[in-house]
Amino acid sequence: MKIKILTLFPNMFTEFKGESIIKRAIDKGVCSIEIIDIRQYSHLKHKNVDDTPCGGGAGMVLKVDIVTKAIRENANSNSYIAMMTPQGRQYNQEIAIDLSKKEELILLCGHYEGFDERIRAFVDDEISIGDYVLTGGELASMVVADSVIRLLGDAIRKESYEDDSFSTGLLEYPQYTRPIDFEGMKVPEVLLNGNHKEINYFRKKESLRKTLKRRPDLLNKYSFSEEEIKILNEVKKEENF
Ligand code: 6GU
């Protein structure tokens, strides 16, 4: 997969690209990341990319002519163009899986007050990473790129993600490693006895317990096996739900 990030702050991505897992994916040839400075597409004297809003008001607005030039000169018929804004659809694992199947992904990052509304006609998608406001789309684009890249190049795992995506999944069961006793806090006995049937049962039960207590909304979307329904009922009894 080719990922192109259009940004006014290319330096923000230097560390990101060099980070171990991302770097490994790039080195393995699973993906390439190209950081493109929107400013180079400005025809203006001082390479300005924004202007005051029509109708007045505070802040600056990214110019439609310059941003669309940046898009047009970098997109082709295989590009899927997503704009990073707090007004977009809320990002989740399902969207990450969808994006991981694209041949080329273009992430458009804005800053200042926002994009000229007409830019929206030139993108395929608009993504927000949650209900809070960032100073720009760069951090959000790194979140998206990271979550997509970790899905690449592992066809078997991708299949298991398909029928078990986070949106239909459960929270992870608790993990432990040595020491077995830390200041009186002990690793659960069952994990030390080597009985894999018991271990799997414990893990499923604790995964259901954690999901019930922290993210009960996920249980509404989860498709339970009969065994899991029994285990969940046991957990509910123990937790007085
Ligand atoms: Cl994608 N951009 C900005 N500026 N703020 C955000 C966001 C994106 N997602 C959540 N907050």
Side-chain angles (χ1 to χ4, degrees), residues 1-17 19 21-22 25 31 33-42 47-72 74-75 79-102 104-152 165-167 214-215 217-218:
M1 162 183 273
K2 192 164 203 164
I3 300 176
K4 292 174 178 169
I5 300 178
L6 301 184
T7 175
L8 292 166
F9 296 90
N11 294 337
M12 283 182 76
F13 295 88
T14 317
E15 297 294 325
F16 176 71
K17 279 183 69 174
E19 188 267 326
I21 294 179
I22 306 299
C31 75
I33 303 182
E34 194 181 343
I35 308 299
I36 297 151
D37 190 348
I38 297 172
R39 204 170 291 280
Q40 73 188 91
Y41 298 96
S42 173
K47 293 283 168 196
N48 287 339
V49 291
D50 56 346
D51 203 346
T52 54
C54 295
M60 299 293 271
V61 177
L62 284 177
K63 288 168 62 58
V64 62
D65 49 350
I66 294 167
V67 172
T68 52
K69 188 169 197 296
I71 291 173
R72 285 180 170 141
N74 289 287
S79 308
Y80 187 79
I81 307 167
M83 184 174 174
M84 307 307 305
T85 89
Q87 299 174 38
R89 60 180 177 138
Q90 189 157 328
Y91 194 60
N92 59 30
Q93 189 64 22
E94 221 173 317
I95 301 176
I97 291 166
D98 280 347
L99 296 184
S100 74
K101 295 169 189 161
K102 307 289 182 191
E104 177 167 304
L105 192 56
I106 297 182
L107 303 176
L108 173 61
C109 307
H111 253 263
Y112 315 116
E113 293 309 297
F115 294 93
D116 185 306
E117 186 68 21
R118 294 167 291 182
I119 294 169
R120 294 195 158 83
F122 299 90
V123 305
D124 303 303
D125 203 346
E126 188 170 340
I127 292 172
S128 161
I129 61 164
D131 289 341
Y132 41 82
V133 181
L134 302 168
T135 57
E138 283 75 16
L139 286 171
S141 76
M142 289 185 229
V143 167
V144 169
D146 184 292
S147 58
V148 167
I149 289 166
R150 69 178 282 283
L151 296 174
L152 299 175
S165 75
F166 187 86
S167 58
R214 296 187 182 188
R215 292 292 307 277
D217 57 299
L218 295 179

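For ligands, and for the atoms within them, numbers begin at 1 and follow the listed sequence.
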Count the heavy atoms belonging to other residues, nucleotides or ligands that lie under 6.0 Å from CZ of Arg118, then report whether that count exceeds 12.
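No, not enclosed.
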
If you measure every N/O of Thr135 against every N/O of ligand 1, is any gap under 3.5 Å?
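No, no N or O pair falls under 3.5 Å.
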
Is it the case that ligand 1 has an N or O less than 3.5 angstrom from some N or O of Ile129?
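Yes, since at least one N or O of Ile129 sits under 3.5 Å from an N or O of ligand 1.
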
Looking at Tyr41, I'd like to know if the NZ or CZ of Lys69 sits under 6.0 Å from its six-membered ring centre while staying within 45 degrees of the ring's axis.
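Ring-cation test returns no.
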
Does some side-chain heavy atom of Ile33 sit less than 4.5 Å from a side-chain heavy atom of Ile149?
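The answer is yes; the side chains approach within 4.5 Å.
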
Does some side-chain heavy atom of Thr7 sit less than 4.5 Å from a side-chain heavy atom of Ile35?
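Yes, close enough: below the 4.5 Å cut-off.
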
Check Pro86 against ligand 1 and report side chain, backbone, both or neither, counting heavy atoms closer than 4.0 Å.
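Both backbone and side chain.
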
Side chain or backbone of Ile127 under 4.0 Å from ligand 1, or both, or neither, by non-hydrogen atoms?
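The backbone, only.
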
Which of the ligand 1 atoms, numbered from 1, are nearer than 4.0 Å to a heavy atom of Ala140
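With Ala140 as reference, the close atoms of ligand 1 come out as 1 (Cl), 8 (C).
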
Tyr132 neighbourhood, listing ligand 1 atoms whose heavy-atom distance to it stays under 4.0 Å
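This gives 6 (C), 10 (C), 11 (N) as the contact atoms.
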
Grab the two heavy atoms, one from Glu104 and one from Ala75, that are nearest each other, plus how far apart they are.
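So the minimum-distance heavy-atom pair works out to OE2-CA, 4.5 Å.
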
Passing candidate, side chain to side chain contact (heavy atoms under 4.5 Å, CB included) with Ile106, options Ile71, Ile81, Ile3, Ile36:
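Testing Ile106 for a side chain to side chain contact (heavy atoms under 4.5 Å, CB included) against Ile71, Ile81, Ile3, Ile36 leaves exactly one candidate, Ile81.
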
Residue, atom name and distance, where the atom is the protein heavy atom closest to atom 10 (C) of ligand 1
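The answer is Gly130 O, 3.1 Å.
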
How far is atom 4 (N) of ligand 1 from its nearest protein heavy atom, and which residue and atom name does that atom have?
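Ranked first by proximity to atom 4 (N) of ligand 1 is Leu134 O, 3.2 Å.
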
